[in-house]
Amino acid sequence: MRLSLSVLLVTLALCCYEANAIVCPSLGKEMIAFLFEHEALYKPHLQLAYNPPEAALNAKLQVKSCTDKIPIVQRKLIAGVLEKILVKCIF
């Protein structure tokens with residue numbers, strides 16, 4: 001069993017070496033909007049972009065209400081990291 005796991009890992013390493021952690025720019029923008037947009041603006045944006053089920057939309061907005069309690073200074077730090085990742089991935 002351990003040998004098969006080792007073979008699997010070597011195969012993945014050889015065949016999937018092109019994999020990377022590039023963030024899709026639209027996902028980055030979505031994350032920035034999640035951090036800073038008011039719920040009244042964010043909810044219609046989600047509905048138009050993804051047309052999620054009502055339960056999923058309510059769950060996302062519930063999480064957003066928690067992240068809205070993060071102080072703006074920390075949210076700006078998080079956004080700065082996201083922007084650096086996005087800039088790095090675009091160029």
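Excluded from the calculations below are hydrogen atoms, water molecules and symmetry mates; all remaining heavy atoms, backbone and side chain alike, are included.
The backbone N or O of Phe36 lies less than 3.5 Å from no partner atom in the side chain of Arg75, so there is not a single donor-acceptor pair.
Distance NE2/His45 to NZ/Lys29: 10.5 Å, rounded to 0.5 Å. Rounded to the nearest 0.5 angstrom, Leu82 CG and Leu77 CG are separated by 11.0 Å. The structure places CD1 of Ile78 at 5.5 Å from CG of Leu35, a figure rounded to the nearest 0.5 Å.
In the hydrophobic clustering (ILVMFWY side chains linked at under 4.5 Å, chained through shared members), Leu46 is joined by Phe34, Tyr42, Tyr50, Leu57, Leu61, Val63.
Identified under the salt bridge (charged side-chain N to carboxylate O under 4.0 Å, His left out) test for residues 42-67, with sequence neighbours left out: Lys64-Asp68.
Across every non-hydrogen atom of Ala40 and Pro44, the tightest pair is O-CD, 3.1 Å.
Both Ile32 and Val73 sit in one connected hydrophobic cluster of ILVMFWY residues. Membership requires side-chain heavy atoms under 4.5 Å apart, directly or through other members. Under a hydrophobic-cluster definition in which Ile, Leu, Val, Met, Phe, Trp and Tyr are linked whenever side-chain heavy atoms come within less than 4.5 Å, directly or via other members, Met31 and Leu48 are assigned to different clusters.
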